[in-house]
Amino acid sequence: MTKPLIHLSTDTTSLLIKADQRLPEMLYWGKKLPEGTDLESYFHGNHRPVPQARIDSDTVLSLCPEHARGLFTSPGLEGSRQGDNWSPEFSVEEVLQQENSVVFSCRDPRAELKLSVHLKLNPATDVLESRLELTNEGNAPYQLQKLTNTLALPVAAREIQYFQGRWTHEFQTERKILDRGGFTLENRRGRTSHEHFPGMMIGDTGFSETAGSVYGFHLGWSGNHRFHAEAMSDGRRYLQAGELLMPGEMTLAAGECYTTPTLYSTFSSEGLNGISQNFHRHVRSEIVSFPEPGKVRPVHLNTWEGIYFDHDPEYILKMVRASAEIGVERFIIDDGWFRGRNGDNAALGDWYLDTGKYPEGLQPIIDCVKEHGMEFGLWFEPEMISPDSDLYRKHPEWMLHTEGYDQVTIRNQYVLNLQIPEAFDYIAGRLDALLSEYDIRYIKWDMNRELVQPTHQGKAGFHGQVEAYYRLVDFVREKHPLVEIETCSGGGGRVDYEVLRRTHRFWASDCNDALERQAIQRGASYFFPLEITGAHIGAKLCHTTGRQHNSHFRGITALFGHMGVELDPASASEEEKQAFAKYIALHKSFRGLLHTGQHFRCDTDVKETQAWGVVSQNQQEAVLMYSQFKMSEYALAAPVKIPGLNPDTTYKVEVLENSSTDIYMKQCPPWMTETVTMSGALLGQVGLMMPVLQPESSLLIRITGV
Ligand code: GLA
């Protein structure tokens, strides 16, 4: 052991890890320590004391806590060989540090297990990637139950922000105090899930968008997971996140190895904006890679809420022309185009064009789309099989289920077992054939149900199905490298950094209600930048909530994302069409800023309001959306402090759009009607005075350096 103390750092953050002979332990993670800090002095008189009447030596809360070392908390590794080797004790054998990454190779010779701990702190994004790897070095199989990343937290980390939801109600933000005991979120749905998004923030009590020390976490895995935060009885705290394995799901044969999903973590001393900005930088540089880098994100028209299953090519051609008129750049035919798909109760698996609906094939539509300067996209749900399908009639054994039990249907469908090579090849072949036959530049890749009792070759098949899904997407990308893919799962049920390594956009929600979208898109913004967040203008009467909003509130809300329109433009009124065209043009004029700038959320003092925006990397340009959700409790609104501007720059502030039909104020703040300039310091610290808006409306504000 040559280097007992590892110091990984970026411009703003330090991470200190101690590895003597025992598994490595995070000693410190936070604001950067000054250059030249004498780290060794930590060992001379400043180490942890040993409490009375407990284990007589120090216990290590390592990156993989061990019961064998006297830690009575949730271990990092659980498993056995038919009962033996259930409580291993690892020793570090080698530490390999390369610039900002380090690998600790550890072994328990008695248990014949090797554990590698990988850490990489990205100096440009401030995101720490960590993962563990377990290898069975014995001859007997090792039944792995759990292998999970554990990161120690400071005692001050007492409040959790987490995310919960359901279909049409994703990314809802919740808070909880972490004290004496644990808080666990388990996802057993076989996809990332709407319910328990694999991400969490833990920080000082009351941390906000702009203040407080906060740690952010996200697990890149599209299957089952478990997040566990705990305040131990001795006061120490940690966060644990990893894949949730079912009993018997993961057995390592001699020489086999299991690697955990990557845990992405980041620290900010300036509240949640710092967390999301680090995550966004990481997604932009390390996770999402576009087939044509630098290409603008084309504005979508998606047919789903416009026509559902009612596909008539003549009418679709009308929709294509109407889409082009309002400025759409990519036209996507959603569900309903394949053989027998007249409702959501049949045909999944039969990936052949419905020639009854499309007697001339898809080509005339694609030609028309291209003639109007747009790209063509198509919806698929490759991992599914309908009981009422030719595929199921031919291959009922391809359904993912447990022999001897009835499989439930969800949305009238079963899951196709992609772990069966023939099923995989069939579906890969169909995707390849359609993508080869037609000029399809975009796939909306859907996945509309959970996995229930999935068994493959006699054991739980969650993990295997997720891996097979990744292989299938990888196959498509390799064969058709220019095709962009959207990840969708009944809306935002499958978005995480591992699926985003292979896709280019996610559908945030099946709810196009602008009011709901304000909360959904805000929740998603903690992890995902705007250029990959699908946001559509839906119909005036929202299909999933029954609420009505004017085109301006819908338009302003959909601006902040990868924008699209999801309705029937051919039957929209002239007035509505003009509004769509206006917001699409506005989006185009801003998308450079929205899709490359720094996203921020404001701390608003009035609870019925919300504000977020984007400032350009050179701080010369910003756009801010200020929204009022409900009737204001007070007659006056509070000023909104705008973070991220340059304090020394003078800015012009102007209203770009206002979705309120009227503002019930005798006098609005003068900047709303006059040309006014203000310093970045004033806007950031004193704030911009706001009017009280009508409920369910937004103001769009442009801020330009002069
Ligand atoms: C899911 C998607 C929708 C739409 C339908 C089609 O619900 O989230 O956007 O594609 O499937 O069936």
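Because only heavy atoms are used, hydrogens play no part in the values below, and waters and symmetry mates are left out as well, while side chains stay in. Computed from a prediction, not measured in an experiment: that's the story for all the values here. Residue numbers count from 1 along this sequence. When a ligand or atom number is given, it counts from 1 through the structure's own listing order.
Shown here are the ring-ring contact (aromatic ring centres under 6.0 Å, His included) partners of F462, two or more places apart in sequence or in another chain: there are none. For Y470, the side-chain hydrogen bond (donor to acceptor under 3.5 Å, both in side chains) partners are S222, not counting sequence neighbours. Residues satisfying the salt bridge (charged side-chain N to carboxylate O under 4.0 Å, His left out) criterion with D568, sequence neighbours excluded, are absent altogether.
The immediate protein surroundings of ligand 1, defined as residues with any heavy atom under 4.0 Å of it, consist of W304, D334, D335, W379, R411, K444, D446, N448, C488, G490, G491, W507, D510.
Note on ring orientation: taking the six-membered ring where Trp is involved, the planes of H536 and W507 are tilted (angle from 30° to 60°). The aromatic rings of W398 and Y426 are tilted relative to each other, their planes meeting at an angle between 30° and 60°. In this structure, Y308 and H543 have tilted ring planes: the angle between them lies in the 30° to 60° band.
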